There are 2 protein chains.
Amino acid sequence: MPPELTESCASADEARECGATAVAHPNIALIKYWGKRDEELLIPYVDSLSMTLDVFPTTTTVRLTPTAEGDSVTLDGSPAVDGERERVVAFLNLVRTMAGRAEPAVVNTRNSVPTGAGLASSASGFAALALAGASAYGLDLDPTALSRLARRGSASASRSIFGGFAICHAGRGTGAEADLSAYAEPVAVADFAPALVIAVVNAGPKAVSSRAAMRRTVDTSPLYQAWAASSAVDLADMRVALRRGDLDAVGEIAERNALGMHATMLAARPPVRYFAPETMAVLDTVARLRADGFSAYATMDAGPNVKVLCHLGDTARIAAEIRRAVPDGTAVIAGPGAGARLRPRAEP
Amino acid sequence: MPPELTESCASADEARECGATAVAHPNIALIKYWGKRDEELLIPYVDSLSMTLDVFPTTTTVRLTPTAEGDSVTLDGSPAVDGERERVVAFLNLVRTMAGRAEPAVVNTRNSVPTGAGLASSASGFAALALAGASAYGLDLDPTALSRLARRGSASASRSIFGGFAICHAGRGTGAEADLSAYAEPVAVADFAPALVIAVVNAGPKAVSSRAAMRRTVDTSPLYQAWAASSAVDLADMRVALRRGDLDAVGEIAERNALGMHATMLAARPPVRYFAPETMAVLDTVARLRADGFSAYATMDAGPNVKVLCHLGDTARIAAEIRRAVPDGTAVIAGPGAGARLRPRAEP
């Protein structure tokens, strides 16, 4: 079935004026995505579940340039460098193939999240690019298909298509079957108000990219398979906890799932250790807050930062404690955010 | 077969004057002991392999007191408190049962290792107590039997019976078969000069005892079985590396084995995390030293301290770097030490 085209960008002729701007937010996985079973299609080994944030949006514009010689990619005002440019061009090629179109495009992206600091700028980035790109090239995709497309840029981007809480299914089978069955969708949650305090202890680039770390863990860690099996149990428990709106259960499951993921990395060969001294200082603070009766639970991604899940009403106090523990760091408060959306066109 | 008695303590009558003093050293496991399959007999799940140190000796005197009402246990000059006293008395009961004797004893122990800081004072302690106790009660045990006895106090104590490098076999079967097959013995090593720089970053008591942490890991960590299986491979690789005297291979295997053990704890429920901010600072220093061309590899036990395996000639430089990274800590240099031995009797 060929993809349908939208009215606005139905042909190459009209595409001269065609373009779209999309905004998407990062998400924080409470049940982690770690490990791919297909490196090209970006099919995960495990299901994952995340909360989309209301901070650090990425804004991406895709404008078709039929007369240009190739794609032009700008990231935060500067031409994108090698690897970044290649990933975006490969993604545009995929969109063009799906749309049966060939025009080059100008892509302009602005991130507000510190790049490479374990805050998943690739999730908001490819969610925004998927939506803006599909719209610019006239692809009419439902949210499931859009999340499948975003997954091809970065598996975690599939979840940022949706607001609130979303699950990314790892899918089944191989090839087209895997591609079709690996997508994200919203999950049912009780009416509750969780928040995250994000302790940015080190916004510099990572020693090992998450992509390389993931690959090494799957290939060499004797603990990976056992964690993947335990993560399926964590996911089932998490869905129950979210439906009940039980923040303490949500936090406890998220913390054990994240520590388990980092445990698989520690056992990789050579080990991948994202734990910095400041990471431990924040974990110590979280333990102390919990001993003092606060609902505070830590989760961590491929970097030294810690995200503390808590009640919305406790964020100011928890952020203050974190700033005290890590004077050189910053603490950012985030709540559940909206899914990827198009910006209305500016009239000419 | 009843145990033989030594000449010096052949009867209850002679025992009035009977006593013995033994000295033993801590050991650092390069392949870790973590998890028991029999909590009463202290039968480990996995084989372990260690280097006995030449620092922090424990000196223990056992003097029989036939007319006393019960055992008297003194630890570093003070009466031993509840748990400590009970462990020593239970151990003496075992020795008395083996010897077919009943006299109470006075036990006097002096540790030079900071208690409870992950430096295995229980290993040197029960190795010294096993040797002094067996001698005082007239048990003539060969080194294998002595290591088996020491194991009943603390499984890692079985290795401190021997100098240099020793393996502790986890044994097979249950009950008497397990007891008989779980003992330590020396391992063959090339003529090489490894050393350890021990970074004592926090000599305070632990948040979770190693005994409790071990139990919790075995009972709740979804990663434990996978680590135990990988540790058997590490052990085989380690024996080859030691026979070759290949410090880099020894260090790399020791580091991965230790990180894997801590990984199983991180995934326990609730998690057991012995990593302190200072622990990460020392691991960062080790990584930097290695990038600078030094052979430096980290191992850690149930506590925040880090032991850095290196060439004897590099210890001063490595200790200086560690002191710089952790100004509040101390760095102690250790080499391979002697096994447990009796002190000659002082003439009356």
Side-chain angles (χ1 to χ4, degrees), chain A residues 201-202 207-208 217 220-234 237 248 251-288 290-291 297-300 304 306 325-326, chain B residues 201-202 207-208 217 220-234 237 248 251-288 290-291 297-300 304 306 325-326:
Chain A
V201 302
N202 183 345
V208 185
T217 305
T220 72
S221 174
L223 308 186
Y224 179 71
Q225 294 299 334
W227 174 75
S230 76
S231 191
V233 180
D234 289 345
D237 292 349
D248 289 296
E252 199 179 306
I253 300 162
E255 188 169 298
R256 78 183 188 213
N257 187 265
L259 286 173
M261 177 184 77
H262 282 271
T264 67
M265 296 183 220
L266 277 181
R269 292 157 190 201
V272 178
R273 176 175 56 88
Y274 286 119
F275 295 160
E278 295 82 0
T279 311
M280 296 299 116
V282 177
L283 292 186
D284 287 346
T285 301
V286 170
R288 215 159 35 235
R290 212 144 71 202
Y297 300 89
T299 183
M300 280 155 290
V306 180
V326 189
Chain B
V201 303
N202 183 345
V208 185
T217 304
T220 72
S221 175
L223 309 187
Y224 179 72
Q225 294 299 333
W227 173 76
S230 75
S231 191
V233 180
D234 290 345
D237 291 349
D248 289 297
E252 198 178 307
I253 300 161
E255 188 169 298
R256 80 185 187 212
N257 187 265
L259 286 173
M261 176 184 76
H262 282 272
T264 67
M265 294 182 222
L266 277 180
R269 292 159 188 200
V272 178
R273 177 174 56 86
Y274 287 119
F275 295 159
E278 295 81 3
T279 310
M280 296 299 115
V282 176
L283 292 185
D284 287 347
T285 301
V286 169
R288 215 159 37 234
R290 213 145 71 203
Y297 300 89
T299 182
M300 280 155 291
V306 181
V326 188

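Naming: A, B, ... by sequence-line order, numbering from 1 per chain. All of these numbers come straight from a predicted model, not from anything done at the bench.
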Practice problem: Work out which heavy atom in B/Ala226 is nearest to a heavy atom in A/Pro222; give both atom names and the distance. | Solution: CB-O, 3.4 Å
Self-check item: Pairing of A/Asp237 and B/Arg269 as salt bridge, 4.0 angstrom limit
Solution: no
Quiz item: Out of B/Glu278, B/Met280, B/Met261, which one racks up the most heavy-atom pairs below 4.5 Å with chain A?
Solution: B/Met280
Quiz item: With respect to B/Phe275, which candidate in A/Asp284, A/Leu283, A/Leu266 satisfies the side-chain contact (heavy atoms from CB on, under 4.5 Å) definition?
Solution: A/Leu266
Quiz item: Checking heavy atoms, do the side chain of A/Glu252, its backbone, both or neither come under 4.5 Å from chain B?
Solution: neither
Practice problem: For residues A/Pro277 and B/Ala281, report the shortest heavy-atom separation together with the two atoms involved. | Solution: CG-N, 3.7 Å
Quiz item: If every non-hydrogen atom of B/Gly260 is compared with every non-hydrogen atom of A/Ala267, which pair is closest and at what distance?
Solution: CA-CB, 4.3 Å
Self-check item: B/Pro271 vs A/Arg256 side-chain heavy atoms within contact, under 4.5 Å
Solution: no
Practice problem: Answer with side chain, backbone, both or neither: which region of B/Gln225 has an atom nearer than 4.5 Å to a non-hydrogen atom of chain A? | Solution: neither
